[in-house]
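Take a look at the structure below.
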There are 2 protein chains.
Amino acid sequence: MTKKSSKTSHPRRRSAAILDAAAEVFAARGFHGASTQDIADVLGIKQASLYYYFPSKEVALEEVCLRGAEGHLERAVSIAAAPDTARDKIGRLIEAHLSPLLDRRAYVRTFLNERQYLPTESRQRIGRVSRAYEKLIEDVLKSGIRSGEFRHDLDCRLAALGLLALVNAVAAWYGKEPKASLDRIVAEFARLYLGGVGGTRSAGPRAKR
Amino acid sequence: MTKKSSKTSHPRRRSAAILDAAAEVFAARGFHGASTQDIADVLGIKQASLYYYFPSKEVALEEVCLRGAEGHLERAVSIAAAPDTARDKIGRLIEAHLSPLLDRRAYVRTFLNERQYLPTESRQRIGRVSRAYEKLIEDVLKSGIRSGEFRHDLDCRLAALGLLALVNAVAAWYGKEPKASLDRIVAEFARLYLGGVGGTRSAGPRAKR
DNA sequence: TGAAAATTCTATAGACCTATAGGTGAAATC
DNA sequence: GATTTCACCTATAGGTCTATAGAATTTTCA
């Protein structure tokens, strides 16, 4: 057998490549549908060699999910804390939520679809973060109601779940929709969420009826 | 396609219970995470006994997915063909899309999350139906633009994907959100999609209250 | 250069999983 | 009452999968 794959110097590099491969395979075939053999094949190494980098497949999933979720809450917190209008905040939340798709799509997809298969402890930890994220969105919506930007009868819980539904779905088809750049998706979904499908009100700065 | 040979007087009953169990287990643990043993445990029978009802686990998935998707396109076609406003049609599409959650939630969830693991042929068949469904939504949106109900600059493709994102996400948390009955979700999401989060009313025909 | 560290290999245990073969008792049918 | 059909059973073949042990190779660096 010819061994031509270059082993680079930096340990971080190789570890990152291993994790990239795991993320790709988990995203493509699902955690249970993916074998460690599949991951090794992507890297051109033997299956058992993977265990030099992680102690179990489950731990690999944990690390992939961690990276897939990384920074989301922090970015959202800093957006929510800014002195902007609620409408602006929603737009920035959408953009911040989707931006990791540019460079970590497989991680994000794995986080969204496979986190349910994490071992109990890390699944619960991630669950708490997710709930904090949802609550933060609800709070932005509530502040928008108080400021008069949003409807007074808005159901903030359902509206928050609706926003997450919109943005999380993008991971499933981003890259397959030929005409849809991330910027375009961000703009269109922000407008859809803020103004709906109907109405003739102008885009950009909000127009009161 | 090969359907199981009919039994005697009440042939459907037991078969249906078997399929229910498969749907529940597939929905809860994913196709690859679910073993035939898990399904048998739910039914209180031995693992091998399942093979009296289906010839393979994959075929069981096919039948579950089929029932999960059943009727969706047909209902949507008949809604789109009616002489209603586009706004009304969107509302009815949302309601029709979500109604199977009342009595077939596990089937719908399995269809949404596990259909990617179907064997090539049935996966492609289902893919064609899905695309027809998406196109139908796009067409309703286009008609709404022509009638002046919707914005002229609406991106119908993205808006259709957005609608599907909204309604498909419900399957993931319906039943866990204490305050959210299906009717409430339908009403709130219809309003959200048609009018957005902001504004108290929009131009054109108004949504019902 | 030569020792130490990093990386990958071979080989395999052992758990689990799907699916098949053939048997059993009860119910339905003739 | 005999026969067929139904709905399960036992037993197991045969495959795949995770993970471990320890050897071999390559890279780093003193």
Side-chain angles (χ1 to χ4, degrees), chain A residues 1-26 28-65 110 114 117-120 122, chain B residues 2-26 28-65 110 114 117-119 122:
Chain A
M1 285 303 233
T2 52
K3 299 152 191 191
K4 56 204 166 186
S5 59
S6 60
K7 297 170 195 172
T8 52
S9 47
H10 275 103
R12 290 260 174 246
R13 278 263 160 79
R14 189 59 178 159
S15 278
I18 305 290
L19 213 62
D20 281 354
E24 292 293 341
V25 174
F26 287 160
R29 308 163 84 103
F31 176 67
H32 290 297
S35 69
T36 51
Q37 183 67 63
D38 294 331
I39 301 173
D41 287 348
V42 168
L43 293 158
I45 63 177
K46 297 293 171 180
Q47 178 263 344
S49 304
L50 289 174
Y51 286 80
Y52 176 73
Y53 294 96
F54 45 75
S56 75
K57 195 181 149 189
E58 250 180 13
V59 168
L61 179 65
E62 283 181 350
E63 291 183 22
V64 170
C65 285
T110 300
E114 312 301 324
Y117 306 120
L118 285 169
T120 309
S122 51
Chain B
T2 53
K3 189 75 184 87
K4 275 237 136 60
S5 59
S6 314
K7 318 288 155 48
T8 46
S9 42
H10 305 304
R12 283 265 158 262
R13 260 242 152 76
R14 189 59 179 161
S15 278
I18 305 290
L19 212 62
D20 282 353
E24 292 294 341
V25 173
F26 287 159
R29 308 163 83 103
F31 176 67
H32 290 296
S35 69
T36 51
Q37 183 66 65
D38 294 331
I39 301 173
D41 287 348
V42 167
L43 293 159
I45 63 175
K46 298 294 171 180
Q47 178 263 344
S49 303
L50 288 174
Y51 287 80
Y52 176 71
Y53 294 95
F54 46 74
S56 75
K57 194 181 150 189
E58 250 179 15
V59 168
L61 179 65
E62 283 182 348
E63 292 184 20
V64 169
C65 284
T110 300
E114 312 301 325
Y117 305 120
L118 285 170
S122 50

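Below, chains carry the letters A, B, ... as their sequence lines are ordered, and counting in each starts from 1. Source: prediction; values computed, not measured.
- Here Phe31(B) contributes atom CZ and Leu118(B) contributes atom CG; the two are 8.0 Å apart, rounded to the nearest 0.5 Å.
- Residue whose closest nucleotide on DNA chain D sits further toward the 5' end, between Lys46(B) and Gln37(A): Lys46(B).
- Residue contacts for Ala60(A): at a heavy-atom cut-off of 4.0 Å it reaches no nucleic acid atom on any strand shown.
- As rounded to whole Å, 12 Å separates atom C1' of dT18(C) from atom CZ of Phe26(B).
- No side-chain heavy atom of Glu58(B) sits less than 4.5 Å from a side-chain heavy atom of Ser122(B).
- Closest to the Ser35(B) side chain, of the nucleotides dA19(D), dA19(C), dC17(C), is dC17(C).
- Among the protein residues, Ala40(A) comes within range of no part of the nucleic acid, since none of its heavy atoms lies under 4.0 Å from any strand.
- Side-chain contact between Asp38(B) and Arg29(B) is present, with at least one heavy-atom pair separated by less than 4.5 Å.
- Side-chain atoms of Tyr53(A) never come within 3.5 Å of backbone atoms of Ala16(A) as a donor-acceptor pair (strictly under, hydrogens ignored).
- The nearest pair of heavy atoms linking Ala22(B) to Val64(B) is CB-CG2, 4.2 Å.
- When the P atom of dT8(C) is taken as reference, atom CZ of Phe54(A) falls 12 Å away, rounded to whole Å.
- Looking at heavy-atom distances under 4.0 Å, Ser49(B) makes contact with a base.
- Put simply, Tyr53(A) has a side-chain N or O that comes within less than 4.0 Å of OP1 or OP2 on dT8(C).
- dA6(C) atom C1' lies 17 Å from atom CZ of Arg13(A), rounded to whole Å.
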Return the polar atom pairs (N/O with N/O) between nucleotides 20-22 of chain C and the protein under 3.5 Å, or none.
none

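- The CD atom of Glu58(A) sits 13 Å away from the C1' atom of dA19(D) (whole-angstrom rounding).
- Aromatic ring pairs are classed by plane angle as parallel below 30°, tilted from 30° to 60° and perpendicular above 60°; the pair Tyr117(B) and His32(B) is perpendicular.
- Atom CG of Leu43(A) and atom CD1 of Ile18(A) lie 4.5 Å apart (nearest 0.5 Å).
- The nearest whole Å value for the distance from the NE2 atom in His32(B) to the C1' atom in dT18(D) is 17 Å.
- Residues Ala34(A) and Phe26(A) share a closest heavy-atom pair of CB-CD2, 3.8 Å.
- Between dT18(D), dC9(C), dC17(C), one nucleotide has an atom nearer to the side chain of Ile45(A) than all others, and that is dC9(C).
- The shortest side-chain heavy-atom distance between Glu24(B) and Val42(B) does not fall under the 4.5 Å cut-off.
- Computed from C1' positions of five pairs at each end, the angle between the two local axes of the helix from dT1(C)-dA30(D) to dC30(C)-dG1(D) equals 10°, rounded to 10 degrees.
- Neither OP1 nor OP2 of dC8(D) sits under 4.0 Å from any side-chain N or O of Tyr52(B).
- For the atom pair CD of Gln37(A) and NZ of Lys46(A), the computed distance is 8.0 Å after rounding to the nearest 0.5 Å.
- Regarding Leu61(A), its CG atom lies at a distance of 17 Å from the P atom of dC17(D), rounded to whole Å.
- Atom pair Leu50(A):CG and dT8(C):P shows a separation of 9 Å (rounding to whole Å applied).
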